[in-house]
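What follows is one structure encoded as structure tokens, with my remarks underneath.
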Amino acid sequence: MKLLKQVRPSNSSNEAHITLIPQEKEDLFTLHQLIAKGDELIFKRKISLSAKEDANKKKQQELKKLRIIVESEEFDMKEEALRYKGKTVRDDDIARSGDYPVGMFFSVNVDYTYPITIIKYDFDHYCQKLLKESIQPAMRADTAAVALQEGIAHVCVMTSSSTVLKQKIEYSLPKKKKATDVMKFDEKTQKFYRAIYESMKRNFDFDKLKVIILCSPGFYAKTLYDKIIQYAQEEQNKTVLNNKGKFLVAHCSTGYLQGITEVLKNPSYSSKLQDTKFSREVLTIDQFLQHLNDDDSKAWYGENEVFKAVGLGAVQTLLITDTLMRSDNVNDRKKFSALVQQVEQNGGKVTVFSELHSSGEELNKLTGLACILNYAIPDLDEDLEEEEEEEEEEEDT
């Protein structure tokens with residue numbers, strides 16, 4: 001993300017005017033997290049104008065600057081499509097330059113061409129952290145992976161925001177019953193590994209990636225690694241050869257995407273993966289679920305329980321989804337932002353899970369808010385149960 005300008009009006013402690021240009025797919029995801037309903041956007045949009053002199057002339061297009069208040073959004077991470085819809089509002093600075101429509105519905109497709117200005121009236125701690133991370137690429141950690149088995153491979157790019165399947169490669173390999181079948185099998189196998197290698201070159205930025213996972217049942221991953229080095233040496237591809245230390249050959253039970261999750265959860269590979277945000281999120285949710293399964297009173301979920309635990313200063317790790325952090329209800333957003341700040345001030349860790357990622361979906365099913373405690377508190381929900389019993393008794397009477 002390229003930050004062009006940031007202004008904090010003196011008459012408002014929480015308001016911010018931020019002008020920036022997204023430069024890659026991850027920046028679109030940051031904007032998806034940053035911009036909420038009720039925020040305002042100033043952007044440039046081509047508007048078709050009918051020719052006045054001759055009706056047969058083609059419509060002319062004029063680049064106009066507009067300001068809208070956001071009412072809804074559409075976001076597709078895989079297709080790199082981010083679209084906001086809203087109604088135009090008055091902007092005196094823009095109106096001076098010519099006719100300016102007010103009260104009309106417009107939509108904007110955010111791309112990498114024109115700058116966009118975001119006006120937020122509640123630029124809280126969470127939003128500030130998002131913006132800071134987006135303009136400092138070094139704070140991000142990226143992982144790529146290839147999960148494969150006989151005749152099928154999944155080439156993926158993973159970040160803290162999502163797992164993106166870049167290409168699925170399938171080859172029908174013949175059975176080795178005759179000598180000719182063996183030749184065909186070997187030929188198809190070579191094409192299979194070569195196709196994976198070419199896909200990796202197209203979809204992976206080897207210099208920016210921290211880890212490249214090759215995982216499979218059996219020896220397919222090891223064979224793929226050997227083939228990648230062989231092909232790179234034949235081509236004298238220095239980009240691949242200089243980054244061969246980033247490859248992690250791992251074992252898993254399937255060549256589908258579940259295999260990648262198995263590797264991320266496997267303690268055997270933790271030292272290699274510890275610097276990746278994606279891995280930390282997977283391990284955090286897995287640790288929480290393990291405590292929940294053990295019923296050791298060190299894992300709790302639900303708004304009342306978590307807020308109570310934070311008030312006691314007992315939270316080691318707070319798990320929260322960006323769905324809650326981006327709530328349409330401004331009071332809720334302030335409440336959860338304050339909760340995050342309180343945990344961090346108490347020395348706890350905070351992990352914000354994306355709703356677009358499987359771990360975020362899993363957490364959303366558990367209210368979207370959970371925590372891992374420093375020590376067991378068996379009766380954290382005791383007061384809540386008593387309140388429910390009292391309410392039931394009142395209803396009965």
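Note that the structure is a prediction, hence the values are computed from the model and not measured.
- A continuous path of ILVMFWY side-chain contacts below 4.5 Å connects L3 to I35, so both sit in one hydrophobic cluster.
- Within the 4.5 Å cutoff, the side chain of L369 has heavy atoms near those of the L339 side chain.
- Formation of a donor-acceptor pair under 3.5 Å by the R67 side chain with backbone atoms of T88 is not found in this model.
- One N or O on the side chain of R333 and one on the backbone of S327 form a donor-acceptor pair closer than 3.5 Å.
- Applying the salt bridge (Lys or Arg N to Asp or Glu O under 4.0 Å) rule to K191 yields the partners E187; only residues at least two apart in sequence or on another chain are considered.
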ask   = side chain to side chain contact (heavy atoms under 4.5 Å, CB included) between F192 and E150: does it pass, once the steps are laid out?
value = CA-CA 9 Å; F192 174 60; E150 185 175 311; over 6 Å; no
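- With hydrogens and angles disregarded, no donor-acceptor distance shorter than 3.5 Å links the side chain of D294 to the backbone of D296.
- For the atom pair CG (N364) and OG1 (T323), the distance works out to 4.0 Å, reported to the nearest 0.5 Å.
- From Q149, atom CD reaches atom SG of C252 across 8.5 Å, with rounding to the nearest 0.5 Å.
- Panel note: side chain K308, backbone L380; a donor-acceptor pair is recorded below 3.5 Å.
- Between E73 and K37 there is no salt bridge, since none of the side-chain N atoms of the basic residue sits less than 4.0 Å from a carboxylate O of the acidic one.
- Within a 6.0 Å radius of OH in Y301, no more than 12 heavy atoms belonging to other residues, nucleotides or ligands are found.
- Counting all heavy atoms, side chain and backbone alike, G302 lies closest to T367 at N-OG1, 3.3 Å.
- Every residue meeting the salt bridge (Lys or Arg N to Asp or Glu O under 4.0 Å) condition with E303, not counting sequence neighbours, appears here in chain and number order: K335.
- Residues I68 and F43 meet the side-chain proximity criterion, which asks for heavy atoms closer than 4.5 Å.
- To the nearest 0.5 Å, atoms CG (L319) and CD (E362) are separated by 10.5 Å.
- Looking at heavy atoms from C-beta onward, I118 lies in side-chain contact with L41 at the 4.5 angstrom threshold.
- Between Y114 and V108, every side-chain heavy-atom pair lies at or beyond the 4.5 Å cut-off.
- Legend: salt bridge (charged side-chain N to carboxylate O under 4.0 Å, His left out) pairs involving residues 250-266, not counting sequence neighbours, sorted by first then second residue: K265-D286.
- Residues Y84 and L31 approach most closely at OH-O, 3.2 Å, considering heavy atoms.
- Here the closest non-hydrogen pair linking I285 and S359 is CG2-CB, 4.1 Å.
- Hydrophobic clustering (side-chain heavy atoms under 4.5 Å, transitive across Ile, Leu, Val, Met, Phe, Trp, Tyr) groups F307 together with L312.
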key: Check against side chain to side chain contact (heavy atoms under 4.5 Å, CB included), C371 and L373   = CA-CA 6 Å; C371 63; L373 306 182; 3.7 Å; yes
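- Distance CD/Q236 to CG/L241: 9.0 Å, rounded to 0.5 Å.
- With sequence neighbours excluded, the residues forming a salt bridge (Lys or Arg N to Asp or Glu O under 4.0 Å) with D39 are K120, listed by chain and number.
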query = Y231 and K201: side chain to side chain contact (heavy atoms under 4.5 Å, CB included), yes or no, with the steps?
reply = CA-CA 11 Å; Y231 298 148; K201 288 197 300 179; over 6 Å; no
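- Between the side chain of K188 and the backbone N or O of Y171 there is no donor-acceptor pair closer than 3.5 Å.
- Here CE of M1 is found 11.0 Å from CD1 of I21. Values are rounded to the nearest 0.5 Å.
- Heavy atoms only, all atoms of each residue included: V110 and P22 are closest at CG1-CG, 3.9 Å.
- By the 4.5 Å side-chain criterion applied to Ile, Leu, Val, Met, Phe, Trp and Tyr, I152 is assigned to a cluster that also includes Y256.
- Using a 4.5 Å heavy-atom cutoff, the side chains of R83 and D76 are not in contact.
- Annotation for Y112: atom OH counts as buried by contact number, over 12 foreign heavy atoms lying within 6.0 Å.
- Listed here is the closest heavy atom pair of I69 and G38: CG1-O, 3.8 Å.
- A pairwise comparison of heavy atoms in L130 and L34 identifies CD1-N, 4.2 Å as the closest pair.
- Side chain of N346 to backbone of Q342: a donor-acceptor contact under 3.5 angstrom is found.
- Between the N243 side chain and the K246 main chain, no donor and acceptor come within less than 3.5 Å of each other.
- Here the side chain of H125 pairs no donor or acceptor atom with the backbone of A338 at under 3.5 angstrom.
- Between the side chains of Q230 and Y193, not a single donor N or O lies within less than 3.5 Å of an accepting N or O.
- Interatomic distance, CG of L248 versus OH of Y269, reported as 7.0 Å (0.5 Å rounding).
- S337 places no side-chain N or O within 3.5 Å of a backbone atom of K334 that could act as its donor or acceptor partner.
- Side-chain contact between F336 and D332 is present, with heavy atoms from C-beta onward closer than 4.5 Å.
- At a threshold of 4.5 Å between non-hydrogen side-chain atoms, the residues F206 and I212 count as touching.
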inquiry  = I320 vs Y126, test: side chain to side chain contact (heavy atoms under 4.5 Å, CB included). Steps then yes/no.
reply    = CA-CA 12 Å; I320 186 170; Y126 173 63; over 6 Å; no
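- Between H32 and F75, the ring planes are parallel. Angles under 30° get that label, and only those over 60° would be called perpendicular.
- Under the 3.5 Å distance criterion, the side-chain polar atoms of D226 are left unmatched by any main-chain donor or acceptor of T223.
- Here R194 pairs with E198, E234, E235 under the salt bridge (Lys or Arg N to Asp or Glu O under 4.0 Å) rule; sequence neighbours left out.
- A heavy-atom distance below 4.5 Å is not found between the side chains of L224 and S216.
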